[in-house]
Peer 1: 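What follows is a structure written as structure tokens; I'll ask about it next.
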Amino acid sequence: MSKKLTTREIDYSKWYNELVVKAGLAENSGVRGCMVIKPYGYAIWEKMQAELDRMFKETGHENAYFPLFIPKSYLSKEAAHVEGFAKECAVVTHYRLKNAEDGSGIVVDPDAKLEEELIVRPTSETIIWDTYRKWIESYRDLPLLINQWANVVRWEMRTRLFLRTAEFLWQEGHTAHATKSEAIKESETILDVYAEFAENYMAMPVIKGLKTESERFAGAVETYCIEGLMQDGKALQAGTSHFLGQNFAKAFDVKFTSKEGKQEYVWATSWGVSTRLMGALVMTHSDDLGLVLPPNLAPIQVVIVPIHRTEEQLEQISEKAEEIVKKLRKKRISVKFDDRTAFKPGWKFAEYELKGVPLRIAMGPRDLENGTVEVARRDNLEKNIVSQEKIENYLEDTLEEIQQNLFDKALKYRENHITEVNTFEEFKDVLENTGGFVSAHWDGTIATEEKIKELTKATIRCVPLNNKIEEGKCVFTGAKSTQRVLFAKAY
RNA sequence: CGGGGUGUAGCGUAGCCCGGUUAUCGCGCCACGUUUGGGACGUGGAGGCCGCAGGUUCGAAUCCUGCCACCCCGACCA
């Protein structure tokens, strides 16, 4: 294995691919487009899940689980929805295998054809709304606030670890409400949850916004999103929350009796974030030495590396190290004491840098003498000699500082990469040379959006919420516009 | 799904054009010893159906056909 990563400067996309594999997050599998998430990567995902799950529950949601398979007829009930997903569905057509007559192996048994084909869920709206019809009778059954953690399959042509895989893990929330305003409020509440998670846990600043018609979820009335900005200047949609109106309620006939005794269709939302967040996390903070993980999501927050010549030294160091481990565990800081003698300290340093461990403690004979340790920060690579006295407080504070620093750094980068432009020449220039978001007036038509995409590969990432209303002219057509929108090249 | 490229030990590779002893080298792995404050060194050792399946040939990593996987560039998408 080559020791050095390809640098971001030389080939950003290669850097990403190598990093994900070398840091032990994930690897490609024998199945086209499907990845294996390795223990270290899965540990990060579990931390994401734990936090999001807590936030969902705090906002009144419950978990449930719906089937992986969806009858073909369900999917076609909502016209826009089926059109959005039809091209990327895996379909189960048979339910049995048999030995080939010529002995060449196993073949699909042609006699075992399914009456109705089953779709491997690309998302679960249809099966869920078919179920909700039975669960909802009265306004008393509302709101219905359910989330599920699941895998879904979208048959992608070109895949990349975490960013776009044929199968991925996610959570999908599906809620039903008595009123339109309540449903809209729900999708906004979840958007806030996502933004808070992204910023406080992933240390990734995001812009909250609304999708344009062409980027909207198939079957939604309105799609809210959070958009992050990666270090190469490309935007990444990190989460979406949809106000579905009554589209699915009508398609699946989900009605309730109101207080006034009238039959009404319910109002719906759905929302999700996926393992794509892992890709966002990697591309927001990491550097040419490897991963940089925010302390709030790092599986190992502190690693202790002993430096010793003799067995006795190792024993003495271990004793001190174990004391530190205990103190840190009491503070619920995850710590690993790496006393493996098979690897030299220098090797371990490089390894934990590659894996993005926020803090590294080195402890050697000199430290034993002086009652100190060497503390190295992964985010800015600074090293400090610190007294062992009250070390746990120092580490706790430093972890918080790192979390904040990562966010600040990412925010600064993002702020420096939102550029207002007023001409199409500027638009192309910024896109080409500066990257990031381009804030420009747009005439609101799909045709213009498409034309710009064709010419520049940039799409409208979102119309920011609380956007400033200002008179202007469309950057492309010169037609009247009331506000700026954010364009960017995107993942 | 179109165009291009690549599959040889766990990883990275030489050999392929022009078929011919025992398939090359580095890293990693195992054993022993010396080492240990930024990816240590020495000695010895193990590990391969040369991506898979057919074919041509006395003989295939090498030539031919099909398939599979991965990478890059497009179209599509979270």
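Note: hydrogens, waters and symmetry copies are ignored here, and every other heavy atom, side chains too, is used. Just so it is clear, the model here is predicted, and its values are computed rather than measured. Naming convention: chains lettered A, B, ... in sequence-line order (proteins, then strands); numbering from 1 in each chain.
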Peer 1: Which residue, A/F217, A/F252, A/W129, A/Y74, forms the ring pair (Phe, Tyr, Trp, His ring centres under 6.0 Å) with A/H81?
Peer 2: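 Exactly one pass, corresponding to A/F217.
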Peer 1: Find the distance A/I317:CD1 to B/U36:P and express it as a whole number of Å.
Peer 2: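 Between P of B/U36 and CD1 of A/I317: 13 Å.
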Peer 1: Ignoring hydrogens and angles, are the base of B/G37 and the side chain of A/R309 linked by a donor-acceptor pair under 3.5 Å?
Peer 2: no
Peer 1: Report yes or no: is there a donor-acceptor pair, N or O only, under 3.5 Å between the side chain of A/R164 and the base of B/C77?
Peer 2: yes
Peer 1: For atom CD of A/E213, decide whether the heavy atoms of other residues, nucleotides or ligands shown that lie under 6.0 angstrom number more than 12.
Peer 2: no
Peer 1: Considering every strand shown, what is the Watson-Crick or G-U wobble mate of B/U34 when both distances are under 3.5 Å?
Peer 2: B/A40
Peer 1: Within 45 degrees of the ring normal and closer than 6.0 Å to the centroid, is that where the cationic atom of A/K355 sits relative to A/Y40?
Peer 2: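 Satisfied, under 6.0 Å and within 45°.
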Peer 1: A/R160 near the nucleic acid: base, sugar-phosphate alone, or nothing, with a heavy-atom cut-off under 4.0 Å?
Peer 2: nothing
Peer 1: Considering every strand and a 4.0 Å limit on heavy-atom distances, what is the contact class for A/S13: base, sugar-phosphate, or nothing?
Peer 2: sugar-phosphate
Peer 1: Return the nucleotide paired to B/C25: Watson-Crick means purine N1 to pyrimidine N3 with N6-O4 or O6-N4, wobble means G-U with N1-O2 and O6-N3, both under 3.5 Å.
Peer 2: B/G12
Peer 1: Ignoring hydrogens and angles, does a donor from either the side chain of A/K383 or the base of B/G38 sit under 3.5 Å from an acceptor on the other?
Peer 2: yes
Peer 1: Students often get this wrong, so: under 4.0 angstrom with heavy atoms, is A/N17 touching a base, only sugar-phosphate, or nothing?
Peer 2: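 Contact class for A/N17: sugar-phosphate only.
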Peer 1: Is B/C17 paired to anything, Watson-Crick or G-U wobble with both distances less than 3.5 Å, and if yes, which nucleotide?
Peer 2: none
Peer 1: For B/C70, give its Watson-Crick or G-U wobble partner with both distances under 3.5 Å, or none.
Peer 2: B/G5
Peer 1: Counting the atoms with a prime plus P, OP1 and OP2 as sugar-phosphate, which does A/P365 contact under 4.0 Å by heavy atoms, base, sugar-phosphate, or nothing?
Peer 2: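 Touches a base.
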Peer 1: Does B/G47 pair with anything, Watson-Crick or G-U wobble, both distances under 3.5 Å, and if so, with which nucleotide?
Peer 2: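 Looking at the geometry, B/G47 pairs with no nucleotide.
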Peer 1: Check whether A/F349 forms a cation-pi arrangement with A/R360 (NZ or CZ under 6.0 Å from the six-membered ring centre, at most 45° off the ring normal).
Peer 2: yes
Peer 1: Considering heavy-atom distances to RNA chain B, does A/K457 or A/L289 have its closest nucleotide positioned more toward the 5' end?
Peer 2: A/L289
Peer 1: Would you indicate what A/L163 reaches in the nucleic acid, counting non-hydrogen atoms under 4.0 angstrom: base, sugar-phosphate, or nothing?
Peer 2: base
Peer 1: Taking CD in A/E83 as the centre, count heavy atoms belonging to other residues, nucleotides or ligands within less than 6.0 Å. Is the count above 12?
Peer 2: no
